[in-house]
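In what follows, every heavy atom counts, from backbone to side chain, and hydrogens, waters and symmetry copies are set aside. We number each residue from 1, following the sequence as shown.
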Amino acid sequence: MSDRKTYIYVVLVRANTFLGRLARTLSHYEYTHIAFSEDPRRDEYITFSRRRHYAPFDAGFMRESLSCYAYGNYKRVKLKIYKLPVSPERLGVIREYISSVENGGYDFNIYSMVTMPVLHGFRIYKAHNCMSFVGKIIELSKAIPLARPYYKYSIKDIDNLLSPYEYREKFYSRKENDKQDPADSAYMERVSLVENAKMFISLNVRLLKKIFTHM
């Protein structure tokens, strides 16, 4: 086995969304979203999140860009980045897992997310939120041992866990002359209340079906 090291990055996001601001007010903790990146310079952050800014229940596996965080009147966003050493073999395992999740019919585990302060995380078959997804990536990396199951780590827990690997913490600005990917424009489209309600019901039906089918 090769001793050569490669690196992966865990990215904490000070989200500018309404829910992000509300979470900061209630928790008194700054970061409210978390993602994985092979290299932040590529402007690709892999996570579980909303697929459209105004559709919080249209959520699941997502390849985000900085424009998902710094949008509209928000010209910049604060990120805290951790740099974890991994072997090329472990990086291959992580890539395979991400591919299986991206194409595997995974849903957004909103139940675990909203009950995290009380229940401290629980699994649903083929479902993740941003915390459990990144927790699984950390587990697969074998960069640092986990004291409890990967889905029981909050963003703050992961922040503390990875403290020896802190790489950078600063505000990142989207350049004014950056060309937006067409997906970014669709990302910012308005969504009606009725459509949001339908997506909320649909997500709950899928999650409940998975819970009762895989008890």
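- With values rounded to the nearest 0.5 angstrom, Asn160 atom CG is found 12.0 Å from Ile155 atom CD1.
- One finds no salt bridge joining Asp58 and Arg50 here, because no Lys/Arg side-chain nitrogen approaches an Asp/Glu carboxylate oxygen to under 4.0 Å.
- Considering CD1 of Ile201 and CG of Asn196, their distance stands at 11.0 Å, rounded to 0.5 Å.
- Both the sub-6.0 Å distance and the 45° axial angle are satisfied by Arg190 relative to the ring of Tyr54.
- You'll find the side chain of Asn16 reaches within 4.5 Å of the side chain of Val77, heavy atoms only.
- Although no hydrogens or angles enter the test, the distance criterion places no donor-acceptor pair under 3.5 Å between the side chain of Lys170 and the main chain of Lys78.
- Side chains of Tyr172 and Leu66 form a contact here, defined as non-hydrogen atoms less than 4.5 Å apart.
- Side-chain contact between Phe61 and Thr47: absent, with no pair of heavy atoms (C-beta onward) separated by less than 4.5 Å.
- Minimum interatomic distance between Arg52 and Ala186 (heavy atoms only, all atoms of both residues): CG-O, 4.0 Å.
- Residue Ile144 holds its CD1 atom at 4.0 Å from CG of Leu161, rounded to the nearest 0.5 Å.
- Qualifying ring-ring contact (aromatic ring centres under 6.0 Å, His included) partners for Tyr97, counting only residues two or more places apart in sequence or in other chains: none.
- In this structure, the separation between CG on Asp39 and CD on Glu44 is 10.5 Å, given to the nearest 0.5 Å.
- Taking 4.5 Å as the limit, some side-chain heavy atom of Pro40 sits within range of a side-chain heavy atom of Tyr45.
- Annotation: side chain of Thr17 is in contact with side chain of His53 (closest heavy-atom distance under 4.5 Å).
- Distance alone, capped at 3.5 Å, is enough to place a donor-acceptor pair between the Lys152 side chain and the Gly121 backbone.
- Distance check: Leu207 CG to Ile110 CD1 gives 8.0 Å after rounding to the nearest 0.5 Å.
- Applying the ring pair (Phe, Tyr, Trp, His ring centres under 6.0 Å) rule to pairs touching residues 195-215 yields Phe57-Phe200, Tyr125-His214, sequence neighbours excluded.
- Identified under the side-chain hydrogen bond (donor to acceptor under 3.5 Å, both in side chains) test for residues 201-212, with sequence neighbours left out: Asp107-Arg206, Asp107-Lys210, Tyr111-Asn204, Ser202-Arg206.
- Legend: salt bridge (charged side-chain N to carboxylate O under 4.0 Å, His left out) pairs involving residues 91-101, not counting sequence neighbours, sorted by first then second residue: Glu38-Arg95.
- Side-chain atoms of Ser163 do not come within 3.5 Å of backbone N or O of Asp159 as any donor-acceptor pair.
- When side chains are defined from C-beta on, Tyr31 does not count as touching Leu79, because their heavy atoms never get closer than 4.5 Å.
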Enumerate donor-acceptor pairs with a distance under 3.5 Å from any side-chain N or O in residues 130-140 to protein atoms, sequence neighbours excluded.
unit_1: Ser132; atom_1: OG; unit_2: His128; atom_2: ND1; d: 2.8
unit_1: Ser132; atom_1: OG; unit_2: Asn129; atom_2: N; d: 3.0
unit_1: Ser132; atom_1: OG; unit_2: Asn129; atom_2: O; d: 3.3
unit_1: Lys136; atom_1: NZ; unit_2: Glu139; atom_2: OE1; d: 2.8

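- Ser87 contributes a side-chain N or O that, together with a main-chain N or O of Arg90, makes up a donor-acceptor pair within less than 3.5 Å.
- A salt bridge links Arg63 with Glu102: the closest approach of a Lys/Arg side-chain nitrogen to an acidic carboxylate oxygen falls below 4.0 angstrom.
- Here Met116 contributes atom CE and Ser154 contributes atom OG; the two are 5.0 Å apart, rounded to the nearest 0.5 Å.
- Sorted by first and then second residue, the ring pair (Phe, Tyr, Trp, His ring centres under 6.0 Å) pairs with a member in residues 139-171 read Tyr9-Tyr167; sequence neighbours excluded.
- Contact of the Arg14 side chain with the Thr32 side chain is not registered, since no non-hydrogen atoms from C-beta on lie closer than 4.5 Å.
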